[in-house]
Amino acid sequence: KCLKLSTRSTGELGAMMQMPMAAGNLFIGTFDVMSALSDPLKATQFGLPFYYEPTRLTGYYKYEAGKDFSEGGVIVPGKKDICDIYAIFYETDENTKTLDGTNSFTHPNLISIARIKNARETNVWLRFSLPFVYLPGKSIDKAKLAAGKYNLAIVFASSLEGATFNGAYGSTLMIDEVKLLYNENK
């Protein structure tokens with residue numbers, strides 16, 4: 001058994017809202033259904049409190065890209081879809097409780113990122129082992145860590161550009177045996 005994520009059509013309503021497809025995805029965090037149509041990137045709120053220093057995300061994946069890549073519902077000849085696998089670790093504060101689809105890689109509170117760089121199509125299980133890479137000048141405050149002032153999100157998506165409704169119908173990502181390695185720092 002494994003996790004299977006596929007990029008699918010959102011039907012007539014999705015097409016009408018200029019959101020013709022949805023990437024299959026799984027993430028740690030919450031989804032605000034009430035704002036999904038008006039501001040879908042902000043509706044996805046990444047992360048939950050994490051009390052340890054993450055060091056590596058590992059697991060196995062298989063991936064098959066769908067036939068025709070499209071942007072805004074228009075097929076882009078020659079462009080291939082690809083999956084995404086990543087984790088982010090960031091500090092929370094009074095102004096930043098969670099990160100969302102608009103700032104998950106750009107927010108100044110980001111501490112470290114573990115992201116696949118060489119994803120490819122494969123019909124055999126490929127192992128991934130993604131180290132958390134600290135952003136320049138960033139470190140963890142042990143007191144804030146113990147107080148739950150850091151969040152962690154892990155994200156799997158069948159289409160890298162799925163957040164902007166771009167991808168290929170039928171792109172399928174399968175995930176298995178995922179492990180998050182961390183230092184306890186206690």
Side-chain angles (χ1 to χ4, degrees), residues 1-7 19 22-61 63 82-119 127-165 173-186:
K1 296 181 181 178
C2 67
L3 171 67
K4 181 179 179 181
L5 303 167
S6 294
T7 301
M19 302 173 191
N25 66 80
L26 178 71
F27 65 93
I28 293 175
T30 59
F31 186 73
D32 180 6
V33 175
M34 298 306 291
S35 64
L37 289 177
S38 62
D39 199 346
L41 290 178
K42 288 196 179 247
T44 306
Q45 299 163 357
F46 294 114
L48 292 174
F50 194 68
Y51 296 84
Y52 308 100
E53 175 192 4
T55 58
R56 187 170 292 274
L57 181 68
T58 68
Y60 292 86
Y61 80 99
Y63 184 71
I82 195 63
C83 61
D84 203 5
I85 300 169
Y86 68 90
I88 56 174
F89 186 66
Y90 63 94
E91 184 178 347
T92 62
D93 57 35
E94 288 301 314
N95 298 319
T96 306
K97 301 299 181 197
T98 61
L99 299 185
D100 58 45
T102 67
N103 61 12
S104 60
F105 292 113
T106 60
H107 198 279
N109 285 30
L110 273 172
I111 302 296
S112 61
I113 300 170
R115 191 173 194 184
I116 196 164
K117 293 181 176 148
N118 58 348
R127 185 172 191 275
F128 61 88
S129 182
L130 313 175
F132 277 80
V133 177
Y134 278 79
L135 279 73
K138 297 293 183 164
S139 62
I140 295 174
D141 179 309
K142 304 258 189 217
K144 288 180 181 179
L145 187 65
K149 300 292 183 185
Y150 292 94
N151 279 2
L152 172 78
I154 299 172
V155 181
F156 304 104
S158 59
S159 292
L160 175 70
E161 297 180 39
T164 54
F165 310 102
L173 171 64
M174 293 191 289
I175 297 288
D176 204 3
E177 297 185 24
V178 174
K179 292 181 185 176
L180 174 67
L181 306 176
Y182 59 88
N183 290 329
E184 290 198 27
N185 293 323
K186 296 211 177 203

How far apart are the C-alpha atoms of Leu180 and Phe50, what are their side-chain angles, what is the distance that settles it, and do they pass the side chain to side chain contact (heavy atoms under 4.5 Å, CB included) test?
-> CA-CA 12 Å; Leu180 174 67; Phe50 194 68; 3.6 Å; yes
Would you find more than 12 non-hydrogen atoms of other residues, nucleotides or ligands less than 6.0 Å from Lys138 atom NZ?
-> yes
Quick check for you: to the nearest 0.5 Å, what is the distance between [X] atom [atom1] and [Y] atom [atom2]?
X      : Y      : atom1 : atom2 : result
Asn151 : Ile88  : CG    : CD1   : 8.5 Å
Leu5   : Ser159 : CG    : OG    : 10.0 Å
Lys4   : Leu173 : NZ    : CG    : 11.0 Å
Cys83  : Leu160 : SG    : CG    : 8.5 Å
Thr102 : Lys42  : OG1   : NZ    : 4.5 Å
Tyr60  : Phe128 : OH    : CZ    : 10.0 Å

Look only at the side chain of [X] and the backbone of [Y], and say whether a donor-acceptor pair between them is shorter than 3.5 Å.
X      : Y      : answer
Asp93  : Thr96  : yes
Thr44  : Asp100 : no
Ser158 : Thr7   : yes

ring-ring contact (aromatic ring centres under 6.0 Å, His included) partners of residues 85-112, not counting sequence neighbours, each pair once | Tyr86-Phe105, Phe89-Tyr150
Would Asp84 and Val155 count as a side chain to side chain contact (heavy atoms under 4.5 Å, CB included) if you check the C-alpha gap in whole Å, the side-chain angles of each, and the deciding distance to 0.1 Å?
-> CA-CA 8 Å; Asp84 203 5; Val155 181; over 6 Å; no
Are Ile175 and Leu26 close enough that some pair of their side-chain heavy atoms sits under 4.5 Å apart?
-> no
Pairwise side-chain contact, Leu99 with Leu110, heavy-atom cut-off 4.5 Å (strictly under) = yes
In sequence, state the C-alpha distance, the side-chain angles, and the governing distance for Phe132 and Leu152, and then conclude on side chain to side chain contact (heavy atoms under 4.5 Å, CB included).
-> CA-CA 11 Å; Phe132 277 80; Leu152 172 78; 3.9 Å; yes
Mind listing the closest non-hydrogen atom pair of [X] and [Y] along with its distance?
X     : Y      : value
Pro54 : Tyr182 : CA-CB, 3.9 Å
Lys97 : Thr92  : O-CG2, 3.5 Å
Phe46 : Gly101 : CE1-N, 3.9 Å
Leu57 : Val178 : CD1-CG1, 3.8 Å
Thr98 : Gln45  : OG1-CB, 3.6 Å
Thr58 : Ser129 : CG2-OG, 3.6 Å

In sequence, state the C-alpha distance, the side-chain angles, and the governing distance for Val133 and Ile113, and then conclude on side chain to side chain contact (heavy atoms under 4.5 Å, CB included).
-> CA-CA 5 Å; Val133 177; Ile113 300 170; 5.8 Å; no
Set of residues satisfying side-chain hydrogen bond (donor to acceptor under 3.5 Å, both in side chains) with respect to Tyr134, sequence neighbours excluded | Glu53
